[in-house]
Amino acid sequence: MSETFEPKSEFLRVLIERGYVHQSSDYAGLDEKALAGEVVAYVGYDCTAPSLHVGSLISIMMLHWLQKSGNKPIPLMGGGTTRVGDPSGRDETRKLLTPEQIEANKEGIRKVFSRFLAFGDGRTDALMIDNAEWLTKLNYIDFLRDVGRHFSVNRMLSMDSVRMRLEREQELSFIEFNYMCLQGYDYVELNRRYGVNLQMGGSDQWGNIVTGIDLGRRMGTPQLYALTCPLLTTASGAKMGKTASGAIWLNEDQLSAWDYWQFWRNTEDADVGRFLRLYTTLPMDEIRRLEALQGAEINEAKKVLATEATALMHGRDKAEAAAETARRTFEEGQTADSLPTIAVPAAEFSAGLGVLSAFVRAGLVASTGEARRQVKGGGLRVNDAVVTDERAVIGAADLNADAAVKLSFGRKKHVLLKAS
RNA sequence: GGGGGAAUGUCCCGAGCGGCAAAGGGGGCGGACUGUAAAUCCGCUGGCUAAGCCUUCGCAGGUUCGAGUCCUGCUUCCCCCA
């Protein structure tokens with residue numbers, strides 16, 4: 001669909017070329033607006049966690065490119081909608097968050113955007129809006145009279161998300177049925193208040209976005225547009241950003257720059273090109289060169305990906321530092337003093353610290369039981385020597401010149417215990 | 001309103017004659033092989049002061065030497081009839 005379309009605007013050209021585009025309601029119309037620098041676009045974010053994770057990153061990048069090409073981006077905080085709770089995940093009798101929790105989450109989330117967008121009062125400066133601004137004031141009767149009458153249930157029933165549920169005879173709660181009305185209303189309200197004329201989001205949001213456009217037409221807004229991005233999975237089919245050790249959070253207090261760098265460094269071969277396009281701002285010819293690398297050489301491309309992606313999120317300094325720590329740790333096998341470090345009183349070393357509890361202390365394993373099992377599987381190392389005896393003791397003799405011991409869990413996770 | 005079913009190891013799915021730390025998957029983690037990749041193979045996947053002890057099968061009681069399993073009440077969810 002988008003392949004046949006030749007965009008004139010920088011905005012659409014970049015987005016299509018880099019793989020952000022899944023579907024649009026009107027490529028040509030949107031292209032005109034973007035060419036004139038008249039696009040004001042928003043993406044909505046729920047405030048269900050204290051930080052966004054990499055799953056949201058693709059849409060943040062879309063806002064970034066939008067602004068770069070001379071248009072205005074608006075990240076919308078779902079302060080109002082989160083109070084209702086998006087039931088999309090279903091079955092998970094989602095407990096409702098308190099307004100205080102939502103407020104705290106919102107603070108955490110908004111920090112991220114300043115790294116990708118320039119805020120201010122200028123024409124293309126980004127605005128941070130919260131839909132609580134209008135949603136919490138809604139009155140049910142008024143809402144039904146002013147907005148509800150424009151929704152066609154016939155049409156809503158024909159939407160994919162709804163129809164699938166009905167055909168499979170799965171539960172579809174009234175509140176869920178209404179969620180798209182609220183989101184549609186957001187779009188109209190954003191248009192009236194801030195001149196928003198484009199909503200972007202994941203392809204699963206298509207129905208909700210189009211509902212908003214439709215509502216706008218009935219309520220007399222100018223023409224609104226939709227643009228969705230593909231829902232990302234890794235080449236082996238895993239959901240983007242969810243790992244066992246938890247989600248890949250964007251905020252540094254949830255996930256360190258080092259771990260963030262490692263996440264990108266461990267990208268599967270097949271994903272490297274795609275990720276370079278989506279998650280870095282490197283020029284396209286550089287990306288084409290990097291993704292053409294074969295075999296082990298593709299590791300070079302992965303390092304670039306990791307450093308560039310981390311630099312966008314946490315700053316170039318921290319990205320370079322992580323790259324350097326990784327180089328020393330993995331390529332030279334030395335102990336880089338910039339590895340995560342935990343302080344332990346010197347007295348404990350002289351008294352002798354049990355290996356099992358040392359690994360628990362370092363946060364590498366969850367319990368001594370797990371440490372015990374890992375010893376059996378040969379997964380623990382102290383100063384690069386495999387631990388074979390679970391009763392071994394770490395003493396002052398194991399400290400290096402810097403008064404630290406290196407504990408390793410598997411090939412990739414290392415922590416320094418430093419005497420203090 | 002009436003009738004019938006379901007809830008299991010805090011990641012998910014899911015078996016479980018009254019002796020159970022509880023089958024089997026998936027996912028995850030570790031090992032081997034590699035390139036900090038993928039694929040493949042192997043191991044692990046309640047806690048602890050560890051030949052023992054403690055805590056787990058929706059919640060609260062009860063029967064029993066002994067309860068995930070039987071009984072009673074409650075909660076939540078699903079299905080059918082009205």
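Values reported hereafter were calculated over all heavy atoms of this structure, with side chains retained and with hydrogens, waters and symmetry mates removed. Below, chain A is the first sequence line, B the second, and so on; all start at residue 1.
When each of A:Q374 and A:A326 is assigned the nucleotide of RNA chain B with its nearest heavy atom, A:Q374 is the one assigned upstream, toward the 5' end. In this structure, A:R327 and A:L380 both approach RNA chain B, and ranking their closest nucleotides by distance from the 5' end singles out A:L380.
Side-chain atoms of A:T307 and A:W261 form a donor-acceptor pair, as typed in the model, at a separation below 3.5 Å. Between the side chains of A:D214 and A:T211, no donor-acceptor pair is found at a separation under 3.5 Å. With 3.5 Å as the limit, one finds a donor-acceptor pair spanning the side chains of A:W65 and A:Y20. Side-chain contact check for A:Q205 and A:Q199: no donor-acceptor pair (N or O, by modelled atom type) lies under 3.5 Å.
For the pair A:R327 and A:E331, the salt-bridge criterion is not met [side-chain N within less than 4.0 Å of a carboxylate O]. Contact check on A:E300 versus A:K303 returns a salt bridge, with a Lys/Arg side-chain nitrogen under 4.0 Å from an Asp/Glu carboxylate oxygen. Salt-bridge formation is detected for the pair A:R361/A:E348: a Lys NZ or Arg NE/NH1/NH2 atom is positioned less than 4.0 Å from an Asp or Glu carboxylate oxygen. Taking 4.0 Å as the cut-off between side-chain N and carboxylate O, A:D285 and A:R288 do not count as a salt-bridged pair.
Across the strands present, B:C33 finds no partner; the criterion is a Watson-Crick or G-U wobble pair with both atom distances under 3.5 angstrom. Remark: B:C70 base-pairs with B:G62; criterion is Watson-Crick or G-U wobble with both hydrogen-bond distances under 3.5 Å. With a 3.5 Å ceiling on both atom-pair distances, the Watson-Crick or G-U wobble partner of B:G27 is B:U45.
Set against B:U36, B:C44, B:C29, the side chain of A:R373 has B:C44 as its closest nucleotide. Side-chain proximity of A:E268 to the nucleotides B:C29, B:A37, B:U36 is greatest for B:A37.
Heavy atoms of A:R265 sit under 4.0 angstrom from at least one base atom.
Rounded to whole Å, the separation between the P atoms of B:G2 and B:G73 comes to 14 Å. Distance noted for atom P between B:C41 and B:A51: 37 Å (whole Å). Using C1' as the reference atom, B:G28 and B:G61 are 39 Å apart when rounded to the nearest Å. Between B:G14 and B:G19, the two P atoms lie 24 Å apart (nearest whole Å). B:G68 and B:U10: their P atoms are spaced 16 Å apart (whole Å). Spacing of C1' atoms, B:U64 relative to B:C71, comes out at 12 Å, to the nearest Å. Here, B:G24 and B:G43 have their P atoms 12 Å apart, quoted to the whole Å. To the nearest whole angstrom, the two C1' atoms, one in B:G27 and one in B:C59, are 30 Å apart.
Between A:K376 and B:C29, a side-chain N or O to OP1/OP2 separation shorter than 4.0 Å is absent. For A:R411, a side-chain nitrogen or oxygen approaches OP1 or OP2 of B:A32 to under 4.0 Å.
Aromatic pair A:Y225/A:Y27: ring centres not closer than 6.0 Å. Here the two rings, on A:Y185 and A:F143, have centers that are under 6.0 Å apart.
Annotation: proximity of residues 294-308 of chain A to RNA chain B (heavy atom, distance under 4.0 Å) is found for A:G295, A:A296, A:I298, A:N299, A:K302, numbered in ascending order.
Atom-to-atom, CH2 of A:W261 to P of B:U36 comes out at 11 Å; the value is rounded to the nearest Å.
Nucleotide B:C20 carries a syn base; the chi torsion (O4'-C1'-N9-C4 or O4'-C1'-N1-C2) is within 90° of 0.
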Could you run through nucleotides 48-53 of chain B and give me one letter per nucleotide, 5' to 3': B if any protein heavy atom sits under 4.0 Å from the base, S if only the sugar-phosphate is that close, - if neither?
-> SSB---
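Residues A:L57 and A:W264 share a closest heavy-atom pair of CD2-CZ2, 3.9 Å.
Evaluation of atom-type donor-acceptor distances gives a pair under 3.5 Å for the side chain of A:Q262 against the base of B:U36.
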